[in-house]
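Letters go in sequence order (proteins before strands), and every chain restarts at 1.
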Amino acid sequence: MLPRGLKMAPRGKRLSSTPLEILFFLNGWYNATYFLLELFIFLYKGVLLPYPTANLVLDVVMLLLYLGIEVIRLFFGTKGNLCQRKMPLSISVALTFPSAMMASYYLLLQTYVLRLEAIMNGILLFFCGSELLLEVLTLAAFSRI
Amino acid sequence: QTDATPAVTTEGLNSTEAALATFGTFPSTRPPGTPRAPGPSSGPRPTPVTDVAVLCVCDLSPAQCDINCCCDPDCSSVDFSVFSACSVPVVTGDSQFCSQKAVIYSLNFTANPPQRVFELVDQINPSIFCIHITNYKPALSFINPEVPDENNFDTLMKTSDGFTLNAESYVSFTTKLDIPTAAKYEYGVPLQTSDSFLRFPSSLTSSLCTDNNPAAFLVNQAVKCTRKINLEQCEEIEALSMAFYSSPEILRVPDSRKKVPITVQSIVIQSLNKTLTRREDTDVLQPTLVNAGHFSLCVNVVLEVKYSLTYTDAGEVTKADLSFVLGTVSSVVVPLQQKFEIHFLQENTQPVPLSGNPGYVVGLPLAAGFQPHKGSGIIQTTNRYGQLTILHSTTEQDCLALEGVRTPVLFGYTMQSGCKLRLTGALPCQLVAQKVKSLLWGQGFPDYVAPFGNSQAQDMLDWVPIHFITQSFNRKDSCQLPGALVIEVKWTKYGSLLNPQAKIVNVTANLISSSFPEANSGNERTILISTAVTFVDVSAPAEAGFRAPPAINARLPFNFFFPFV
């Protein structure tokens, strides 16, 4: 009954990666906490430090952009991993690089980097690195069908 | 022990070398800064020092050692020996950074000679909100102001265009203020005449008359002042002539063409022996110098001036009346005293002054009257100073000298007056008693007193009746002679605590009598009669209190826990 060209995986042969799914799950909750904390940190820095308005607006707008990228990346990663499809997983792999770039920006290049932000962005980079490795391995496993 | 001592010495030498190396950098920094002073960027301002190794806030004396200043490069070992401690032990950078350089200064007194210990360490801020990296360099210092020169002066002037606009706004504002927009007189505004303003002489700083004082609208005044005159020139002094006060023409409204002439209503002539004569006509008279024997006289000199101005509620002056008292001045009384009054009356209104609004004002007369028959209103005399009166004391203390003159009862003023009456022999007691009573009560003692200063005569029930009490000390059947009349007025504070109004609540007139003294038929006796007025404040003191806190009556409905219970 399936449309022609769409093929389900053979029954009993599960190729999804459980560690990758665990990482996606934890990364989702961590990202929610990260963005909430970042908003409060920007409020703190805007009030107490001599923050130029243009820089503050730029950092907040890039934070929202980063949020969008993360949501798309985690969605496609989870869907590709659970459905054992290579295309969504490839999109997630491709989005990991801009996500890592944004985390690096907030770790090194924003106007003021607090120690709390350095720790949080370091954890984000760890998530990106781990997920990238596991996604590549999962893609390799999917290709052996 | 010998090995330990060289180790300590070596450490001291290392610190000294580090200090010398560090302070060696500082002199090399100054020569490059000096040539840059003429540069346009830095200008005449000194370059700020931000390096903690060079920064020394207690180095206040150039080329001289500051006491207890361990970071002063001008101090030597001899100076260190007299230091007790370091006034600035630590010099740190911005405390908001996670890692910052800090210089710790201390003194090593065990070494000989004493040495300064210089340590450059990295201080760690344990807070998670410390700044790890900063990519905004201007945040670390204040903005360096731009020094104007020939290159950027035009740019700075363009930036400061707002100042010019503000100046223009100020000029237009000033011009706007110069345009007169008043079309009527307001309270306190000087009354204008065709040439300048209406002059109302006054004694400003001394008792001498100041003629250039303007009369202010709606400001009722009554002043006395002294004028030093030369009697031989009395005809030339214009302040003594009637024309000086009657010739100006008051403008109807400020800066208008309509004028209101001042009309002379009455002229009273006062002679040398103080008698007053009313002139029939109102012609303007001139002061005239008359030589009579050894002394000179100046007749028709203005002694009193009284203006009465009538105005409308639109702020226009419609009428100006003037009354004069002219007199004769002789060389004996050359310092002349003049009296000036000005009053304002509103058009189509009858001025009836009140004793308060609504409560009584201290010093104003009590309002009192009669009720001719039951059910009618109160009838008062038009003389507000003659409604409630007491005996008038004179210097001679003669009861019959000024028999009809009475003293008004003023609110808040406790008064007492009295006089003496000499009785000859064979005077009947009843006749004397009747005479004394008429002296004490006066003519027409009222029955009612107004509770407020502005009580209406038709509000009969509001008025306070006077309680008359006759009191005698002897119970004999002999004739009773009144000796004293004591009027007691009880009043209370009424209304708001912030603005209490005085209200009269009770008035008692107590006539005190004593027995007629029996004496021989040929003897003379002197009796003393007196009247007294006392004001008693019967206000209850205000008590501080609080409202009762609300009681929470929480009763749940019987089916509150349905369907569980």
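Heavy-atom distances place both the backbone and the side chain of Leu108(A) under 4.5 Å from chain B. For Tyr44(A), the part lying under 4.5 angstrom from a heavy atom of chain B is the side chain only. At a 4.5 Å heavy-atom cutoff, the contact between Gln110(A) and chain B is made by backbone atoms alone.
No side-chain heavy atom of Glu70(A) sits under 4.5 Å from any side-chain heavy atom of Tyr30(A). Tyr66(A) places a side-chain heavy atom less than 4.5 Å from the side chain of Tyr106(A).
Between chain B and the residues Ile41(A), Leu109(A), Leu48(A), the most heavy-atom pairs under 4.5 angstrom are made by Leu109(A).
For the two cysteine residues Cys75(B) and Cys70(B), the thiol sulfurs sit 2.5 Å or further apart. SG distance check for Cys58(B) and Cys71(B): not under 2.5 Å.
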